[in-house]
Amino acid sequence: MTSDESRRLYDRALSVLAGGVNSSVRATMPYPFFVQKGDGGHVVDADGNRYLDYVNGYGPLLYGHSPPEEVQAAVQKHSSQGPMYGAPTEIEVEHAEFVARHVPSVEMLRFVNSGTEATVSAVRLARGYTGRDKIVVMQGGYHGAQESTLVEGEGDHVHPSTRGIPQEFAQHTIPVPFNDTEAIIEVFQEHGDDIAAVLTEPILGNKGIVMPVDGYHETLRDLCDDFGSLLVFDEVITGFRVGGLQCAQGKFGVTPDVTTFGKIIGGGFPVGAIGGRAEIIEQFSPSGPVFQSGTFSGHPVTMAAGHAYLQYAAEHDVYEHVNALGEQLREGLTEICREQAPEYTVVGTDSMFKVLFTRDAPDEFEGHCDAGCTQREDCPRYELCPKTGADVAACDTERWERVFWQQMKEQGVFLTANQYESQFVSYAHTEDDIEETLDAYREAL
Ligand SMILES: *Cc1c(COP(=O)(O)O)cnc(C)c1O
């Protein structure tokens, strides 16, 4: 496998792009491969090497790189007729109607251009609606590159997690460990009347894949109801990925007040959305007092791609296919770990998967979750499998990134570039692809 062309391109990129990339996770060591094109479940790099692709754009590509005919036709039609106008179009209404019809908590939406923009707007909306300032977030949760959620620490020692954000911003954000019922109850006892919203991913999807323990989301729902705070589910990753068209909230049977979307709902184009009950979403300008606006928001090409994506999934076996392959993959990985690396934990659900390099092996494997950790209390691993972002950060992340990822790449399997980010099976993958992938894991683990 040669990489001369990618190295040459990276060298050029370093002169004109900060760190040679436009999103920090892409800067893999020693230099990233540059993609020439996608092809179904594969990507081909600038040197002609082919990889089975489980990155799928970090989440948006439900169909891999060969979307259905209908999607391509919709994109071509809308890009050749505009592509955008600064005036509303029917396709925005159609896409919103579809989302509102399928997602339990959503009556009304506002489309924006990225997941980050969606969570920024959702936080402003929650503050505007409740007249309160504080938001609660999960340690290790990710809501994009936004000022209010890029925080670290706990209790009285919360600070921004990056340079460039005033310390004062962090005063309004309360991070708690995911899955820790006592911690969230305590925070509400102390600050409940000042909390505008609890903002959480239904499943941590950017810090390993961490499923909620039994009852956790119900506790969040009850606390928000008791204190008049909004429960905001960030479904940018899980939306139309987990739980099919109802999203993760449908799978878990917990209804948030507000949901943020991104990734899949743009059909491969830049997108975000904020959805929820009409009385809340109508607080956005121009119908309400919370300012929100965007030149590209509801972009016709994005709307057409997203709508065709979801419409196709509604009419075909898309979720059955990707979820069955996800299960085949996680079952195979569980077997491999059991034999070769019993300390590691296979995580994921539906079409999401990851192997976490946890450090302690359970005493026994009988009765173990066999297709990804579900946080089942009677599993012999229950005490060992990650429950919080900190548990995932305690994994052997260096080995994952510097040794394992490279070995998988050498074998032609493209995984997300660190221990933390989820990987995705796409509709373009086949059972043979999964077997080939398992062989690569068997070699590398
Ligand atoms: C990807 C992601 C975001 C940020 O979306 P961008 O489109 O990258 O701005 C926010 N929240 C979650 C849960 C995500 O996975």
Side-chain angles (χ1 to χ4, degrees), residues 1 28 33 38-45 49-56 58-59 61-65 205 208-209 211 241-242 317-358 361-362 365-374 379 381 385-386 395-397 399-445:
M1 192 176 271
T28 54
F33 64 76
D39 176 17
H42 292 75
V43 285
V44 179
D45 75 12
N49 303 305
R50 267 172 81 81
Y51 307 88
L52 260 169
D53 181 16
Y54 293 106
V55 174
N56 279 300
Y58 282 85
L61 303 180
L62 183 58
Y63 301 95
H65 303 283
I209 301 169
M211 296 288 279
R241 168 74 63 188
V242 172
D317 66 344
V318 175
Y319 292 111
E320 290 85 337
H321 180 87
V322 293
N323 294 352
L325 291 184
E327 184 143 322
Q328 180 191 345
L329 185 48
R330 289 188 303 272
E331 277 176 4
L333 292 172
T334 305
E335 272 310 303
I336 293 168
C337 286
R338 180 181 182 143
E339 272 158 33
Q340 297 178 215
E343 65 277 24
Y344 291 175
T345 308
V346 177
V347 293
T349 180
D350 297 60
S351 54
M352 295 169 70
F353 73 99
K354 196 88 183 173
V355 177
L356 297 182
F357 286 12
T358 40
F365 271 86
E366 289 317 310
H368 188 170
C369 293
D370 56 10
C373 171
T374 58
C379 174
R381 251 199 132 85
C385 58
C395 291
D396 193 351
T397 55
R399 170 157 201 266
W400 204 104
E401 196 171 322
R402 295 180 192 281
V403 181
F404 168 73
W405 184 85
Q406 315 283 344
Q407 280 180 302
M408 292 298 281
K409 192 190 88 163
E410 288 300 311
Q411 297 182 85
V413 180
F414 181 32
L415 300 178
T416 52
N418 56 54
Q419 171 73 100
Y420 299 125
E421 318 257 354
S422 177
Q423 296 144 182
F424 310 94
V425 175
S426 84
Y427 195 57
H429 289 130
T430 64
E431 287 183 17
D432 287 346
D433 292 336
I434 301 298
E435 289 308 321
E436 187 185 325
T437 306
L438 289 170
D439 287 342
Y441 269 95
R442 220 170 266 121
E443 266 315 295
L445 281 183

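Residue numbers count from 1 along this sequence.
With rounding to the nearest 0.5 angstrom, the CZ atom of F414 is 10.0 Å from the CD atom of Q423. Here the straight-line distance linking atom CG of D53 with atom NE2 of H429 works out to 6.0 Å at 0.5 Å rounding. Distance check: F365 CZ to E335 CD gives 9.5 Å after rounding to the nearest 0.5 Å. Here the OG-CG distance, from S351 to L325, works out to 9.5 Å after rounding to the nearest 0.5 Å. Annotation: the span from L333 atom CG to T345 atom OG1 amounts to 12.0 Å, rounded to 0.5 Å. Atoms CE and CG, on M408 and L52 in that order, are 9.0 Å from each other to the nearest 0.5 Å.
Between the K354 side chain and the E421 main chain, a donor and an acceptor come within less than 3.5 Å of each other. No donor-acceptor distance shorter than 3.5 angstrom exists from the side chain of T416 to the backbone of V55, with no hydrogens or angles considered. D350 places no side-chain N or O within donor-acceptor distance of the main-chain N or O of M352, the cut-off being under 3.5 Å. Between the R330 side chain and the D370 main chain, no donor and acceptor come within less than 3.5 Å of each other. The closest donor-acceptor contact from the side chain of D317 to the backbone of E320 lies at 3.5 Å or more, if one exists at all.
Side-chain contact check for V413 versus Y51: every heavy-atom pair is 4.5 Å or farther apart. When side chains are defined from C-beta on, C373 does not count as touching V346, because their heavy atoms never get closer than 4.5 Å. Considering only heavy atoms from C-beta on, T374 stays 4.5 Å or farther from T349 through its side chain. Residues I434 and L438 have side chains in contact (heavy-atom distance under 4.5 Å, counting atoms from C-beta outward). Looking only at side-chain heavy atoms (C-beta outward), F353 and V425 come within less than 4.5 Å of each other.
For the residue pair C337 and L445, the shortest heavy atom distance occurs at SG-CD1, 4.1 Å. Closest of all the heavy-atom pairs between T334 and G372 is OG1-N, 4.3 Å. A pairwise comparison of heavy atoms in H368 and C379 identifies CA-SG, 3.8 Å as the closest pair. When every heavy atom of A428 is checked against every heavy atom of G40, the shortest pair comes out as CB-C, 3.4 Å. Nearest heavy atom pair, residue A444 against residue R399, reads O-NH2, 3.7 Å. For the residue pair E401 and A417, the shortest heavy atom distance occurs at CG-O, 3.4 Å.
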Open item on the list: I'd like to know whether R338 forms a salt bridge (charged side-chain N to carboxylate O under 4.0 Å, His left out) with E366, so could you lay out the CA-CA distance, the side-chain angles of the two residues, the decisive distance to 0.1 Å, and finally the verdict.
Closed with: CA-CA 11 Å; R338 180 181 182 143; E366 289 317 310; 3.4 Å; yes
Task: Verdict with supporting geometry, V43 and H65, side-chain contact (heavy atoms from CB on, under 4.5 Å) - done: CA-CA 8 Å; V43 285; H65 303 283; 3.3 Å; yes
- [ ] Determine, step by step, whether T28 and F33 satisfy the side-chain contact (heavy atoms from CB on, under 4.5 Å) criterion, reporting the C-alpha distance in whole Å, the side-chain angles of both residues, the deciding distance to 0.1 Å, and the verdict.
- [x] CA-CA 8 Å; T28 54; F33 64 76; over 6 Å; no
- [ ] Assess whether side-chain contact (heavy atoms from CB on, under 4.5 Å) is satisfied between I209 and S422, documenting all intermediate values.
- [x] CA-CA 6 Å; I209 301 169; S422 177; 3.5 Å; yes
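For the residue pair Y54 and T437, a side-chain donor N or O sits within less than 3.5 Å of a side-chain acceptor on the partner.
For an aromatic pair to be called close, the ring centres must be under 6.0 Å apart, and F424 with Y58 fails this.
Between D45 and R50, none of the side-chain N atoms (NZ, or NE/NH1/NH2) sits under 4.0 Å from a carboxylate O, so this pair counts as no salt bridge.
Applying the ring pair (Phe, Tyr, Trp, His ring centres under 6.0 Å) test to F404 and every residue at least two apart in sequence or in another chain returns F357, W400, Y441.
The stretch residues 427-445 participates, sequence neighbours left out, in these salt bridge (Lys or Arg N to Asp or Glu O under 4.0 Å) pairs: D439-R442.
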